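First comes the structure, then the notes that go with it.
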Amino acid sequence: MRYAAFFDLDNTILKINSGEAFLRRAYKKGMLSTWKLIHAYYLAILYQFNLMDPLVIIIKLNSWLAKTPVNEIEALCNEIVEKDLIPSIRPEIIKEIRMHEEQGADLVILSSAIASIGVRLAKHLKMHSVICSE
């Protein structure tokens, strides 16, 4: 029987939040100011308590990097996946993914994480599809 198995990234496949890893690495590289980093954590708190529409938060965060060349964002995402996210993959989730693969499932990452990160992790995990934020 063919079916789809959907997996979220943050705190499911990963032990950490990919968005937070993105912010920390962007800050370390000088792509975000201290003020914007603090503001991002404030927005994360609002999100945690459902006090702000997630789409509004995404739009605000995206606007901060709007003038950054795409190749710099792609390089940052590659670095984040290699240095922060792959080491944070839960070992038990790999077993779960492989079990569904053996049963013939289409393996899908479904996440609000940015697609550049989702696609790289899907490739690493040998998953079939990605539905993420653009």
Side-chain angles (χ1 to χ4, degrees):
M1 174 173 79
R2 195 102 174 133
Y3 66 97
F6 295 90
F7 295 87
D8 187 22
L9 283 181
D10 301 326
N11 302 308
T12 302
I13 290 177
L14 304 171
K15 298 175 196 172
I16 64 172
N17 182 286
S18 63
E20 186 176 346
F22 184 95
L23 291 170
R24 279 183 285 139
R25 210 145 287 263
Y27 175 73
K28 286 179 186 176
K29 292 196 159 292
M31 298 168 85
L32 286 180
S33 67
T34 301
W35 164 246
K36 286 183 179 173
L37 182 67
I38 292 167
H39 191 206
Y41 280 109
Y42 169 71
L43 292 173
I45 291 167
L46 294 177
Y47 173 76
Q48 287 284 331
F49 292 101
N50 292 320
L51 297 173
M52 184 178 273
D53 180 356
L55 183 57
V56 172
I57 294 171
I58 290 168
I59 290 168
K60 283 180 187 272
L61 295 175
N62 285 340
S63 71
W64 295 346
L65 296 171
K67 294 182 182 176
T68 305
V70 172
N71 63 329
E72 286 184 35
I73 300 291
E74 291 295 325
L76 178 66
C77 289
N78 201 33
E79 185 176 333
I80 291 164
V81 169
E82 292 299 320
K83 292 183 177 177
D84 301 315
L85 303 184
I86 289 174
S88 297
I89 294 172
R90 296 177 188 273
E92 65 273 17
I93 205 74
I94 294 172
K95 291 177 187 172
E96 184 79 15
I97 291 168
R98 297 290 77 89
M99 185 265 308
H100 285 288
E101 180 181 45
E102 289 170 11
Q103 294 178 6
D106 289 322
L107 304 170
V108 183
I109 290 177
L110 175 61
S111 175
S112 63
I114 61 174
S116 294
I117 286 175
V119 167
R120 284 171 172 82
L121 281 169
K123 185 176 179 180
H124 175 78
L125 293 166
K126 299 179 178 80
M127 297 179 77
H128 305 111
S129 301
V130 174
I131 302 170
C132 287
S133 298
E134 286 291 337

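The structure presented is a predicted model; accordingly, all values stated were derived computationally and were not measured.
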Would you check if Thr34 and Tyr27 make a side-chain contact, meaning some heavy-atom pair closer than 4.5 Å? yes
Do Met99 and Lys95 have side-chain heavy atoms sitting under 4.5 Å apart? no
Whether Asn17 side chain and Asp10 backbone form a donor-acceptor pair below 3.5 Å: no
Validation row: Glu82, His124 side chains within 4.5 angstrom (heavy atoms): no
Of all the heavy-atom pairs spanning Asp84 and Ile16, show the shortest one and how long it is. O-CD1, 3.8 Å
Pro87 versus Val81, closest heavy-atom pair with distance: CD-O, 4.2 Å
Does any non-hydrogen side-chain atom of Leu37 lie less than 4.5 Å from one of Tyr41? yes
Any donor-acceptor pair under 3.5 Å linking the side chain of Arg2 with the backbone of Asp106? no
Does a side-chain N-to-carboxylate-O contact under 4.0 Å join Lys67 and Glu72? no
Quick check against the 3.5 Å criterion: does Ser111 have a side-chain atom that pairs as donor or acceptor with the backbone of Cys132? no
A side-chain contact here means heavy atoms from C-beta on lying under 4.5 Å apart; do His100 and Tyr3 qualify? yes
Electrostatic pair Lys126-Glu101, nearest N-O below 4.0 angstrom: no
From Lys29, Lys28, Arg24, residue fulfilling salt bridge (charged side-chain N to carboxylate O under 4.0 Å, His left out) relative to Glu79: Lys29
Please examine the side chains of Ile86 and Leu121, heavy atoms only from C-beta on, and report whether any two atoms are closer than 4.5 Å. yes
CZ/Phe49: more than 12 non-hydrogen atoms of other groups inside 6.0 Å: no
When you group the ILVMFWY residues by side-chain heavy-atom contacts below 4.5 Å and let the links chain together, are Leu107 and Ile89 in the same group? yes
